[in-house]
Amino acid sequence: MATYPTKRLRRLRYNPLLRDMVRETELSKNDFIYPLFVVPGSKIRKPIKSMPGVFQLSIDELVKECKEVEALGIPAIILFGIPEHKDEVGSEAYDPNGIIQKAIRAIKEEVKNLLVITDVCMCEYTSHGHCGILNGEEILNDETVELLVKESVSHAKAGADIIAPSDMMDGRIAAIRKGLDENGFTKIPILSYAAKFSSGYYGPFRDAAESAPAFGDRRSHQMDIANGDEALREVEADIEEGADIVMVKPAGPYLDIIRRVKDKFGMPTCAYQVSGEYAMIKAAGQNGWIDEERVMIESLIAIKRAGADMFLTYFAKDAARWIDKNKK
Ligand code: PBG
Ligand code: ZN
């Protein structure tokens, strides 16, 4: 094997054209999923303090936003709903006239070239902010799964293209698959939040979705941040139950998990660059401590290099514009 001075790794780095040729990882708009938050009312565009550039949108504003996303060439959005009324069992999650159901119908009427993914969980809809039905302080698994099935089917009936359960209850993928199939939605894919960690990086999201738990935390269903092997078992379970795409969440601090999942299963693999990852880059950028655009791109390239085929990111619009600006 040749070594220095015959071998010189810098040889491929002097010329920018050559650097472009040997680049291994490239961002594509096809990889982007843009998260959006929808609220009741009209003409509402309320900024989320901890997530500069992100808004709670009423349906009329949401449709405008979707048109912009479509025009930028981003293929998909994921919807989170803030309901009119919250209750113990999160009824609005599976109400045919719930906020998400109405939002999907409005988007589908006016925006043709956009995949609508819906987040399926109970925490935005329950008065206590937990991801399922409670017995005392315990989140009941199987009873919650039944509601998640209802929620998923009702999203599909409203016109959702992809169902994305984010709850981390056991057995929900099989149950949702069965529920969708029994209702004629055999062609609707499931994007499963398969390895979702109990992470401090979700803080800003809980402001945006008004979904912070009233007591306790999510450690009885979301994964312990320290566990990698267990993440593979979670992903395996979801694949066996019928998940079409598997997600790792958060993304940046869990690149090792993304890589292991991709290598082990070879499945379409998604990652979620979550609210806290976004907020940190934004805050440091606004302070002039880092170059926001550069770190944004670096963070997304890292997620893709780790093995993600697609990702959810609040930077989707900015990154799409960056691609337009930099394409040759
Ligand atoms: C709901 C849900 C959460 C996120 C996506 N879906 C919050 C949570 O689990 O508390 C977090 C996304 C983000 O931080 O950007 N279960
Ligand atoms: Zn939840």
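Start at 1 and go down the list; that is how both ligands and their atoms are numbered. Heavy-atom basis, side chains included; hydrogens, waters and symmetry copies ignored. Keep in mind that this is a model prediction, so the values were computed, not measured.
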With no hydrogens and no angle check, is any side-chain donor or acceptor of Lys304 less than 3.5 Å from a backbone partner on Glu26?
yes

Are the charged groups of Glu92 and Lys102 less than 4.0 angstrom apart, N to O?
no

For Tyr278, is the nearest heavy atom under 4.0 Å from an atom of ligand 1?
no

Decide whether an N or O pair under 3.5 Å exists between Gln222 and ligand 1.
yes

Glu70 side chain vs Asn113 backbone, donor-acceptor pair below 3.5 Å
yes

Look at His130 and state whether any of its N, O or S atoms is less than 2.8 Å from the Zn ion (ligand 2).
no

Ring centres under 6.0 angstrom apart (Phe32, Phe315):
no

So which heavy atom in the protein is nearest atom 11 (C) of ligand 1, and how far is it from that ligand atom?
Lys249 NZ, 2.9 Å

Any Lys196 heavy atom less than 4.0 Å from ligand 1
yes

Could you tell me the residue and atom name of the protein heavy atom closest to atom 14 (O) of ligand 1, and the distance to it rounded to 0.1 Å?
Ser275 OG, 2.7 Å

Glu277: heavy atom below 4.0 Å from ligand 1, yes or no?
no

Cationic tip of Lys249 above Tyr202 ring, under 6.0 Å, 45° of axis:
yes

Are the side chains of Met247 and Lys196 in touch, meaning some heavy atoms are under 4.5 Å apart?
no

